[in-house]
Amino acid sequence: MNDSRVQASTQKLLELLEELATFSTPGPGVTRLLYTEEWSRAQIFLQEKMAGLGLEVSIDKVGNVYGRLSGCNPQQKIILTGSHIDTVVNGGKYDGAYGIAAAMIALQDLQRNFGQPQRTLEVVSFCEEEGSRFPLAYWGSGHVTERYDGSEAETCMDAEGVTLKAAMAQSSFLQDITEEKASKRTGVRNDIGAFVELHIEQGIILEKTDTQIGVVQGIVGQRRYVVKVSGIANHAGTTPMFMRQDALASAVEMLYVLESSAKTAGEPLVATSGKLEVYPNTPNVIPGEVLFTLDIRHSEEDELERFCEKLLAECNEIAVKRGVILEVTSVLHTVPAPMDTKLSAMLENICRQEGKTYRMMVSGAGHDAQLFAPRCPTAMIFVPSRAGISHSPEEYTSPEQLVAGLEVLTAMLYELAY
């Protein structure tokens with residue numbers, strides 16, 4: 001790609017990311033939760049942008065948006081690329097959005113420079129990946145890959161008690177789908193020949209090693225739980241220490257075991273409790289109920305399962321010892337997902353041809369790509385994140401790094417489709 005084209009692609013990419021970042025609730029960073037008004041306006045914006053690029057736009061029943069560049073061999077399975085549009089609360093402008101924006105520009109550049117592809121190319125803006133509003137993740141890609149059958153929408157609720165089904169009904173984006181576009185809605189996709197996702201690393205390895213591109217070999221498996229500890233709320237001044245059934249003290253002991261066990265297990269296992277709710281949350285009342293989350297990840301399924309079983313058994317022992325009731329609900333169960341070795345080798349070759357530094361790596365974060373890996377050849381491309389910061393307003397990747405990823409993605413799509 002010559003200098004003028006690089007500059008033009010850089011400018012288009014940065015402008016698109018800045019425009020997407022405006023679809024956010026007020027406050028630091030970007031907050032764009034599933035089926036909110038901000039989310040709806042962002043999907044409408046992307047739909048219009050895709051149509052403006054000459055792509056055939058379609059929307060499925062959960063709100064995934066597709067832009068299709070038809071190939072001249074329609075009998076061949078399509079090449080899909082993209083990422084997710086939703087964010088965490090007070091997140092950054094690159095997580096998810098970068099993969100969508102870069103994919104749109106890549107398709108535009110390929111069409112302009114090489115004409116119609118042999119195989120159909122599609123860019124997708126998945127409606128959700130993070131699980132920030134509802135206690136489930138990958139609703140968008142999970143709908144496409146049969147992870148979810150739709151029944152989850154009946155009972156899954158956000159913090160305000162709104163069900164997923166109700167939120168879909170209230171979404172201005174889904175309400176405004178025209179009859180013509182509704183007829184193009186897709187559900188489960190069995191026509192995908194390969195999936196390629198470009199994403200910021202959300203870690204510090206690429207920056208620390210001064211590497212332009214991460215070729216992802218696999219994505220860790222992940223377990224998420226919501227743990228409820230029920231004790232007895234009582235007066236803080238009149239209840240003797242040995243008579244207490246303190247839900248918070250019990251939860252704290254469990255979380256200490258979580259951290260100490262994870263440190264003992266060593267890398268690559270990581271374990272986190274990121275949310276804690278205490279009831280009645282009053283200074284002079286012994287806590288009667290505590291809710292907390294567990295997020296546990298490992299690249300090996302057997303090790304992950306073994307750690308989780310041992311941890312939950314130890315938590316149960318603590319509950320019995322302290323006279324409290326323990327309830328554990330699994331809200332996410334993903335297995336480690338290896339990327340396709342042939343596609344990874346293709347990415348390596350592209351990096352060598354273009355003179356880009358690269359390294360093979362495992363993703364400690366979950367991504368839509370892991371749902372596609374069991375169904376079709378799948379690849380992931382990482383670019384650096386400054387200081388390894390993500391899910392934060394401080395999330396940043398330089399224009400040069402963003403364009404390096406765009407160039408690798410474009411070359412990959414060319415190899416697969418032309």
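Model, not experiment: these values are computed from the prediction.
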Practice prompt. For the pair Gln76 (side chain) and Thr120 (backbone), establish whether a donor and an acceptor sit closer than 3.5 Å, ignoring hydrogens and angles.
Written response: no
Discussion item. Looking at every non-hydrogen atom in both residues, tell me the closest pair between Ser261 and Glu314 and how far apart they are.
Written reply: OG-OE1, 3.7 Å
Practice prompt. Please step through ring pair (Phe, Tyr, Trp, His ring centres under 6.0 Å) for the pair Phe126 and Phe372, ending with a clear verdict.
Written response: CA-CA 13 Å; Phe126 288 122; Phe372 285 89; 5.8 Å; yes
Discussion item. Testing the 3.5 Å rule here: is there a donor-acceptor pair between the side chains of Gln212 and Tyr358?
Written reply: no
Worksheet item: Hey, what's the ring geometry for Trp39 with Phe173, parallel, tilted or perpendicular (30° and 60° as the breaks)?
Response: perpendicular
Practice prompt. Using a 4.5 Å cut-off on heavy atoms from C-beta on, say whether the side chain of Pro117 contacts that of Cys72.
Written response: no
Practice prompt. Could you pull out the closest heavy-atom pair between Pro268 and Ser299, with the gap in Å?
Written response: CG-OG, 3.5 Å
Fill in: With Asp295, the side-chain hydrogen bond (donor to acceptor under 3.5 Å, both in side chains) member among Lys275, Arg223, Gln222
Gln222
Discussion item. Do Glu15 and Gln11 pair up side chain to side chain, a donor and an acceptor below 3.5 Å, judged on atom types alone?
Written reply: yes
Worksheet item: Is a side-chain N or O of Thr293 found less than 3.5 angstrom from the main chain of Ser273, in a donor-acceptor match?
Response: no
Practice prompt. Start with the C-alpha distance between Lys77 and Asp191, add both sets of side-chain angles, then the distance that settles salt bridge (Lys or Arg N to Asp or Glu O under 4.0 Å), and finish with yes or no.
Written response: CA-CA 5 Å; Lys77 290 190 173 184; Asp191 62 339; over 6 Å; no
Discussion item. Closer than 3.5 angstrom, by distance alone: can the side chain of Thr36 be matched with the main-chain N or O of Leu33 as a donor-acceptor pair?
Written reply: yes
Fill in: Short side-chain to backbone donor-acceptor contact, Glu152 and Gly150, under 3.5 Å
yes
Discussion item. Pairing donors with acceptors under 3.5 angstrom, does anything connect the side chains of Glu394 and Tyr396?
Written reply: no
Practice prompt. May I ask you to check whether over 12 heavy atoms, not counting those of Glu259, lie within 6.0 Å of atom CD?
Written response: no
Worksheet item: Using 4.0 Å as the upper bound for N to carboxylate O, is an ion pair formed by Lys342 and Asp340?
Response: no
Discussion item. So if I apply the side chain to side chain contact (heavy atoms under 4.5 Å, CB included) rule between Val227 and each of Thr329, Leu294, Val290, Leu291, which one comes out positive?
Written reply: Leu294
Practice prompt. Ignoring hydrogens and angles, state whether a donor on the side chain of Thr81 or Glu122 is under 3.5 Å from an acceptor on the partner side chain.
Written response: no
Worksheet item: Between the side chains of Ser390 and Glu395, is a donor N or O closer than 3.5 angstrom to an acceptor N or O?
Response: yes
Worksheet entry | Where Ile219 and Ala369 come nearest, the two heavy atoms and their spacing | CD1-CB, 4.1 Å
Item to complete: Could you walk me through whether Val383 and Tyr94 pass side chain to side chain contact (heavy atoms under 4.5 Å, CB included), step by step?
Response: CA-CA 11 Å; Val383 295; Tyr94 303 98; over 6 Å; no
Worksheet item: In terms of side-chain heavy atoms, does His391 have a donor or acceptor partner in Asn90 at a distance below 3.5 Å?
Response: no
Worksheet item: For Leu121, does its backbone N or O pair with a side-chain atom of Arg68 as donor and acceptor, under 3.5 Å?
Response: no
Worksheet entry | Ring center gap for Phe134 and Trp139 short of 6.0 angstrom | no
Discussion item. Using side-chain hydrogen bond (donor to acceptor under 3.5 Å, both in side chains), reason through Asn64 and Ser125 one step at a time and then give a plain yes or no.
Written reply: CA-CA 6 Å; Asn64 296 320; Ser125 173; over 6 Å; no
Item to complete: Return the minimal non-hydrogen interatomic distance between Ala365 and His367, and the atom names on each side.
Response: O-CD2, 3.3 Å
Discussion item. Quick check: closest heavy atoms across Ile85 and Ile100, and the distance to 0.1 Å?
Written reply: N-CD1, 3.9 Å
Worksheet entry | Sidechain-backbone polar pair: Glu146 side chain, Val188 backbone, donor-acceptor under 3.5 Å | no
Practice prompt. Verify whether one side chain among Ser398 and Gln401 offers a donor that lies under 3.5 Å from an acceptor in the other.
Written response: yes
Practice prompt. In plain terms, say whether Glu38 and Arg32 are close enough for a salt bridge, that is, a side-chain N and a carboxylate O under 4.0 Å apart.
Written response: no
Practice prompt. Please check if the side chain of Thr22 supplies one atom and the backbone of Glu19 the other of a donor-acceptor pair under 3.5 Å.
Written response: yes
Item to complete: Give a yes or no answer on whether the side chain of Thr163 reaches the backbone of Glu154 with a donor-acceptor pair at less than 3.5 Å.
Response: no
Response to the item:
For Asp86 and Glu128 the tightest heavy-atom approach is OD1-CA, 3.2 Å
Worksheet entry | Exercise: do Glu197 and Ser83 side chains pair donor with acceptor under 3.5 Å | yes
Discussion item. For the residue pair Tyr418 / Arg119, report whether a side-chain donor-acceptor contact shorter than 3.5 Å exists.
Written reply: no
Worksheet item: Just checking, any donor-acceptor pair under 3.5 angstrom between side chains of Glu207 and Ser385?
Response: no
Worksheet item: So, Glu201 side chain and Ile205 main chain: donor-acceptor pair closer than 3.5 Å or not?
Response: yes
Worksheet item: Is a side-chain donor or acceptor of Asn113 paired with a backbone partner of Asp109 at a separation under 3.5 angstrom?
Response: yes
Worksheet item: Heavy-atom count around Lys356 NZ within 6.0 Å, excluding the residue itself: above 12?
Response: yes
Practice prompt. Could you tell me whether the side chains of His143 and Asp149 share a donor-acceptor contact shorter than 3.5 Å?
Written response: no
Worksheet item: Does a donor on one side chain sit under 3.5 Å from an acceptor on the other, for Ser171 and Ser40?
Response: yes
Discussion item. I'd like to check His199 versus Phe382 (side-chain heavy atoms, cut-off strictly below 4.5 Å). Are they in contact?
Written reply: yes
Discussion item. With a sphere of 6.0 Å drawn around CD of Gln353, does it hold more than 12 non-hydrogen atoms of other residues, nucleotides or ligands?
Written reply: yes
